[in-house]
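Quick notes on the structure that follows.
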Amino acid sequence: NFKSPKLTNLDKMKAISTKLIRQCQASYSAAAASKSIDKSLKSLKVSEVEHLPNGIRLATVEGPLKGYSKISAVYDAGSRHEDYSNRGITHLLQRSACLTTSKELAINITRSLEQLGIAFNCRNTRDHLVYSLDLRSSCAVPALQALGWVSTCTEFFHWELKNSSYKLMKADNDVISRLELDRLAFELLHKAAFRTGLGRSVFAEEAMIGDHTGDMLHKYVKEHMTPDRLTIVGYNVSSKQMHDALKSRFEFHPPSAKKPVKSQFHSGEIRHDLPLDMAYVALGYSGASSANLSECLSAGILARVLGESRDGSVAWGSNTNTRIGKALAAEKKTGASASGLNLSYSDAGLLGFEVVGLASAVGDVVKQLHAEAGKLAAQGVQDAELKMAKKKLCADILMRAESAAESTEAIAVHVAINNDFSSFESIIAEVEGLSLDQVNKTAKKLFSTKPAMASVGNLETVPYLEEL
């Protein structure tokens, strides 16, 4: 006998306002975000980067979140530094964070961090091994102590690796190979494009899990996790606290003469057939490196002209005002979706797109989007597209700067690559100062290269690279 209540005017207003909010999110413009530059950026005070005698790069950030602190330690020790014999070792190092050290047992380190409310995270990228701690400002000293022990004093006992690290590595690989096939295509694209160096995956091969010995781990730490390869940035952490910790809590090995091999882009293809109804394709052209800021920002604009990235800051976006969105609408391919791809590393990069969808639809979409990239190289970007892409890129920078966690790590990575950091305002000014001619020259340079491609799943309709 229950009767649905009649909608009141307030209920109708709520429904309408929710719809309007979603529409506003979908059409978000950086014009609104740019009004908050004074508030969101100028409240961040980044110190000058200190270059210590042993090579460590250190900086502090004073932010508006009083009582909250974050510490990001970035080592130039990512997977690109692996060789063939120890490939996958950075994945093991990431999964071995907080094991027993020469100073303290693993369980005591974990308990201490939990009791102090410190969130500890370690992740490996192709360029870097990144340790991050989120904490109350009053806990900075014990947090720095734990960071020093974990990053430089881990013992790597074989029973701990067997009982913990190897299991976590296998779980990571199981997720990639079964659930996140777009990430698998992403990893294979790097292997096709760079072969070695940046081509090394951040995940260990199944056959390599369990083959890394403690001696191999100690050797890698000794050669790559040295003071001249460390950048440390503290948000609401004093410079004195970090100086004291670096002197007494970190046990560094002397700097190593081993230098990373520069990665060179190659046009290659990897196809991985699986019995599925879906296909996942990642296609990349030679991109811009983070060391060349102007070209890197131009590539960021081109990526937003081509298509929104899947990790963009705008939710509910429909991608309809990009080249990818328009191409999909013209093809009327409802069984596939696509997003832009833009990655910048210390000496190379990738710029392109990712496609996922029903096997019957993906092939035509890949051909169409490759043709759109060719048009960008030949005809360049239109003035209206440039203005919109600049707004989107500025909005992404501003939104990341508003997050204490993201901005601290972003500053640390920037300093690790460029040895310095001026301000987010200067980066915004650099974006706004890019001319149409500069962007079109970058488009011609990058999109004129022959791409690399990786595909996973049912590849019946997916064209081979030489057919594009």
Side-chain angles (χ1 to χ4, degrees), residues 56 58-63 65-75 77 90-124 128-169 171-172 214 217-218 220-222 224-227 229-253 403-406 408-409 412:
I56 295 175
L58 183 149
T60 58
V61 181
E62 186 180 339
L65 298 180
K66 303 303 179 185
Y68 166 82
S69 294
K70 183 179 179 69
I71 301 167
S72 287
V74 177
Y75 286 91
T90 55
H91 186 195
L92 179 54
L93 279 171
Q94 181 231 340
R95 284 308 193 179
S96 298
C98 290
L99 294 186
T100 296
T101 69
S102 59
K103 306 295 183 182
E104 194 60 87
L105 294 173
I107 189 171
N108 292 338
I109 295 174
T110 303
R111 280 180 176 174
S112 297
L113 292 172
E114 288 181 344
Q115 289 169 357
L116 293 171
I118 299 173
F120 186 98
N121 180 56
C122 177
R123 69 184 185 93
N124 60 324
H128 305 111
L129 195 63
V130 182
Y131 294 89
S132 298
L133 297 94
D134 295 83
L135 55 136
R136 292 178 297 155
S137 298
S138 59
C139 299
V141 173
L144 286 163
Q145 175 179 272
L147 174 62
W149 289 354
V150 168
S151 64
T152 61
C153 305
T154 303
E155 293 285 5
F156 303 115
F157 292 125
H158 68 87
W159 58 86
E160 286 190 325
L161 298 178
K162 181 179 179 181
N163 292 333
S164 175
S165 303
Y166 295 152
K167 292 180 180 179
L168 292 171
M169 293 168 73
D172 290 339
L217 287 161
H218 283 297
Y220 192 87
V221 170
K222 182 178 180 180
H224 298 94
M225 300 182 70
T226 53
R229 290 171 173 260
L230 171 62
T231 301
I232 183 167
V233 176
Y235 179 94
N236 287 343
V237 179
S238 72
S239 176
K240 184 180 182 302
Q241 288 176 322
M242 291 199 287
H243 275 283
D244 292 343
L246 289 169
K247 289 178 182 177
S248 60
R249 304 302 183 185
F250 288 70
E251 295 189 0
F252 292 113
H253 295 283
S403 166
E406 288 192 37
T408 304
E409 187 171 314

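Residue numbers count from 1 along this sequence.
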Completion exercise
With sequence neighbours left out, the residues meeting salt bridge (charged side-chain N to carboxylate O under 4.0 Å, His left out) with Arg136 are none

Practice task
Mark yes or no for whether Asn236, through its side chain, and Gly67, through its backbone, hold a donor-acceptor pair below 3.5 Å.
Solution key: no

Practice task
To the nearest 0.5 Å, tell me how far Ser248 OG sits from Gln145 CD.
Solution key: 8.0 Å

Handout entry: Intermediate values then yes/no, side-chain contact (heavy atoms from CB on, under 4.5 Å), Leu217 and Thr154
Key = CA-CA 10 Å; Leu217 287 161; Thr154 303; over 6 Å; no

Practice task
Assess whether side-chain contact (heavy atoms from CB on, under 4.5 Å) is satisfied between Leu93 and Val221, documenting all intermediate values.
Solution key: CA-CA 9 Å; Leu93 279 171; Val221 170; 4.0 Å; yes

Problem - Contacts of type salt bridge (charged side-chain N to carboxylate O under 4.0 Å, His left out), residue Arg95, not counting sequence neighbours - result: Asp172

Problem - Within-4.5 Å side-chain heavy-atom neighbours: Leu99 and Leu161 - result: yes

Exercise for the section: Could you tell me the separation between the CG atom of Leu230 and the CG atom of Leu58, rounded to the nearest 0.5 Å? Expected result: 8.5 Å

Handout entry: All pairs passing salt bridge (charged side-chain N to carboxylate O under 4.0 Å, His left out) where residues 145-165 contributes a residue, at least two apart
Key = none

Exercise for the section: Answer yes or no: is there a side-chain heavy-atom contact under 4.5 Å between Glu409 and His128? Expected result: no

Exercise for the section: Could you tell me which residues satisfy salt bridge (charged side-chain N to carboxylate O under 4.0 Å, His left out) with Glu406, sequence neighbours excluded, listed by chain and number? Expected result: Arg400

Fill in the blank from the handout: Thr231 meets the side-chain hydrogen bond (donor to acceptor under 3.5 Å, both in side chains) criterion, sequence neighbours left out, with Arg57

Practice task
Could you walk me through whether Thr60 and Ser238 pass the side-chain contact (heavy atoms from CB on, under 4.5 Å) test, one step at a time?
Solution key: CA-CA 7 Å; Thr60 58; Ser238 72; over 6 Å; no

Exercise for the section: Check Ile71 against Ala143 and note the closest heavy-atom contact, atom names and distance. Expected result: CD1-CB, 4.3 Å

Practice task
Go through the structure and list residues passing side chain to side chain contact (heavy atoms under 4.5 Å, CB included) with Ala405, not counting sequence neighbours.
Solution key: Tyr68, Lys70, Asp134, Ser403

Completion exercise
side-chain hydrogen bond (donor to acceptor under 3.5 Å, both in side chains) filter on Tyr235, not counting sequence neighbours, yields none

Problem - Check: Thr90 and Tyr75 side chains under 4.5 Å, non-hydrogen atoms - result: no

Problem - Partners meeting ring pair (Phe, Tyr, Trp, His ring centres under 6.0 Å) with Tyr166 (sequence neighbours left out) - result: none

Problem - Side-chain donor/acceptor of Tyr131 to backbone N/O of Ala97, under 3.5 Å - result: no

Tell me which donor-acceptor pairs under 3.5 Å the side chains of residues 110-121 have, and how far apart each pair is, sequence neighbours excluded?
{"unit_1": "Thr110", "atom_1": "OG1", "unit_2": "Ala106", "atom_2": "O", "d": "3.0"}
{"unit_1": "Ser112", "atom_1": "OG", "unit_2": "Asn108", "atom_2": "O", "d": "2.8"}

Completion exercise
Separation between CG (Leu133) and OG1 (Thr408), nearest 0.5 Å, reads 11.5 Å

Handout entry: ring pair (Phe, Tyr, Trp, His ring centres under 6.0 Å) partners for His91, two or more places apart
Key = Phe203

Practice task
Give a yes or no on whether the backbone of Val150 and the side-chain of Thr101 come within a donor-acceptor separation of less than 3.5 Å.
Solution key: no

Problem - Between Ser165 and Ser96, a side-chain donor and acceptor under 3.5 Å - result: yes

Problem - Residue list, ring pair (Phe, Tyr, Trp, His ring centres under 6.0 Å) with His218, at least two apart or on another chain - result: Phe156

Completion exercise
Separation between CD1 (Ile56) and CG (Leu246), nearest 0.5 Å, reads 4.5 Å

Problem - Side-chain heavy atoms of Thr152 within contact of Met225, under 4.5 Å - result: no

Practice task
Just grab all the salt bridge (charged side-chain N to carboxylate O under 4.0 Å, His left out) pairs involving residues 240-253, residues at least two apart or on different chains.
Solution key: Lys103-Glu251, Lys240-Asp244

Completion exercise
Value for CZ (Phe250) from CE (Met242), rounded to nearest 0.5 Å, stands at 10.0 Å

